[in-house]
Chemist: 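Input: one structure, supplied below.
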Amino acid sequence: MSTGKKVVAAAVGLGLATLSACGSSDSGSGGSGSGSKTVTLVSHDSFAASKDVLKAFEKESGYEVRVLKDGDAGQAVNKAILTKDNPQGDVFFGVDNTLLSRALDNGLFQSYEARGSDLIRPQYRADQGKHRVTPVDSGDICVNYDKAYFSEHRLTPPASFDDLIKPEYKNLLVTENASTSSPGLGFLLGTAARYGDERWQDYWKKLKANGVKVVDGWEQAYNEEFSGSAGGRKAKGDRPLVVSYASSPPAEVVFADPRPKTAPTGVSYGTCFRQIEYAGLLSNARNSEGGKALLDFLVSKEFQEDMPLSMFVHPVIEGASLPEEFTEYGPPAKDPETMAPSRIAANRDQWVKSWTSLVLK
């Protein structure tokens, strides 16, 4: 999800209580050290957890959690790499499979196998030999559509990547910059997975000719440009197609007052790319014991079942249940595009460079 996944407390333009920083404001790990009872989690802007769930962890572990939010996922990862010798915290959450190799290659994390990680579903695991990261959640980056727009215009919503380049969808899509936004990058990788090394650039040439609009990040795309979101309607957004998440429609239902009987937005499931988010113990964490306890908590059933309605992402452990809103309004894609981490690592930077030259210039 990243910001984007992130699907959406901000997305609906309504306040979801997220965790604000508490504890020391000293430099480095929030003032936490080896004997400190404060553990600092560094993340993208969309990290959230229920207060009761967080308090239960603090009571059980004896650690007070300080959350430091650092922008969009790509931004936060880059800053964490730049500050790795004197990190801002103990644990980093929110590096996803599109950027994982960059974090690992730069030595961002140290090894730790979280307690309970044996319950993590095999398809989400990575870095198995070294355990430098722990899978925490998954989600699908997909095009969302404004149901009212397509109904009013008597137009069938696009169902696939191929549909998006058809004339009837000209000037309707907004996406995020692949060089600055994780959903933007995920959407690019989805097209590369779909069309291959030789054809994805031709696809983007057609998408550009068909009037795709590119903005810096998910917040702007979803909450300002997209006509189907609560925030977008308020901002008078005029794009009825947006790159977001399969879990965005349930957020539109959950935060609406009164709740609608059906979600006002839909998902074009033929445009989805599977995103997985990880957390890891930072290499120079000052409070490594607190960091380990926090990683154990992130894969606990209590936190995993809290995530769907806090961050609008899917749990990764066996046995974690989903709320009714997810099963009814935001099921995951049945056959999303995926890509091996090794292929992402080998091609990501060049693909982004080519994409930038092709689409933004």
Chemist: For D238 and Y149, does a side-chain donor sit closer than 3.5 Å to a side-chain acceptor?
Modeler: no
Chemist: What heavy-atom pair brings I344 and N97 nearest, and what distance separates the two atoms?
Modeler: CD1-O, 3.4 Å
Chemist: Verify the cluster assignment for F109 and Y278: are they in a single hydrophobic cluster under the rule of side-chain heavy atoms below 4.5 Å apart?
Modeler: yes
Chemist: Please step through ring-ring contact (aromatic ring centres under 6.0 Å, His included) for the pair Y63 and F297, ending with a clear verdict.
Modeler: CA-CA 12 Å; Y63 291 105; F297 169 64; over 10 Å; no
Chemist: Going by heavy atoms in the side chains, are L294 and D90 under 4.5 Å from each other?
Modeler: no
Chemist: Taking the side chain as every heavy atom from C-beta outward, state whether P264 and D146 have any atom pair closer than 4.5 Å.
Modeler: no
Chemist: Determine whether the side chains of T180 and D216 contain a donor N or O and an acceptor N or O closer than 3.5 Å.
Modeler: no
Chemist: Quick check: is V267 connected to L164 through a chain of hydrophobic side chains (ILVMFWY, heavy atoms under 4.5 Å apart)?
Modeler: no
Chemist: Other residues, nucleotides and ligands only: do more than 12 of their heavy atoms fall within 6.0 Å of CZ on R115?
Modeler: no
Chemist: Provide the closest heavy-atom pair for T134 versus Y112 in the form atom of the first, atom of the second, distance.
Modeler: OG1-O, 4.3 Å
Chemist: If you compare all heavy atoms of Q88 against all heavy atoms of D70, which two are closest, and at what distance to 0.1 Å?
Modeler: OE1-OD2, 2.8 Å
Chemist: Checking side-chain polar atoms at under 3.5 Å, does S160 have a donor or acceptor matched by the opposite partner on D162?
Modeler: no
Chemist: With a 4.5 Å cut-off on side-chain heavy atoms, are W355 and N177 touching?
Modeler: yes
Chemist: Of D335, D140, D96, which meets salt bridge (charged side-chain N to carboxylate O under 4.0 Å, His left out) against R274?
Modeler: D140
Chemist: Between the side chains of S101 and R348, is a donor N or O closer than 3.5 angstrom to an acceptor N or O?
Modeler: yes
Chemist: Please round to the nearest 0.5 Å and tell me the distance separating atom CD of E168 and atom NZ of K166.
Modeler: 6.0 Å
Chemist: Charged N to carboxylate O below 4.0 Å: is that the case for E289 and K292?
Modeler: yes
Chemist: Applying a strict under-4.5 Å side-chain criterion to I, L, V, M, F, W and Y, I'd like to know whether F150 and V174 cluster together.
Modeler: yes
Chemist: If you take the centroid of each ring, where Trp contributes its six-membered ring, are F312 and Y245 closer together than 6.0 Å?
Modeler: no
Chemist: Using atom types as modelled and distance alone, determine if a side-chain donor or acceptor of S111 lies under 3.5 Å from a backbone N or O of K130.
Modeler: yes
Chemist: Kindly give the heavy-atom pair with the smallest separation between V243 and E176, and that separation in Å.
Modeler: O-OE2, 2.6 Å
Chemist: Determine, step by step, whether R259 and E325 satisfy the side-chain contact (heavy atoms from CB on, under 4.5 Å) criterion, reporting the C-alpha distance in whole Å, the side-chain angles of both residues, the deciding distance to 0.1 Å, and the verdict.
Modeler: CA-CA 11 Å; R259 283 196 182 191; E325 291 89 346; 3.1 Å; yes
Chemist: Has the side chain of K84 got a donor or acceptor atom that lies under 3.5 Å from a matching backbone atom of N106?
Modeler: yes
Chemist: Would the F226 and W218 ring centres measure less than 6.0 Å apart?
Modeler: no
Chemist: What are the two closest heavy atoms between P249 and A246, and how far apart are they?
Modeler: CD-O, 3.3 Å
Chemist: Can you give me the closest heavy-atom contact between T271 and S268, atom names plus distance?
Modeler: OG1-O, 2.7 Å
Chemist: Report yes or no: do S248 and E252 form a side-chain donor-acceptor pair below 3.5 Å?
Modeler: no
Chemist: Say you draw a straight line from CZ of R239 to OG1 of T175; how long is it, rounded to the nearest 0.5 Å?
Modeler: 11.0 Å
Chemist: With hydrophobic residues grouped by side-chain heavy-atom distances under 4.5 Å, do L41 and V53 end up in a single group?
Modeler: yes
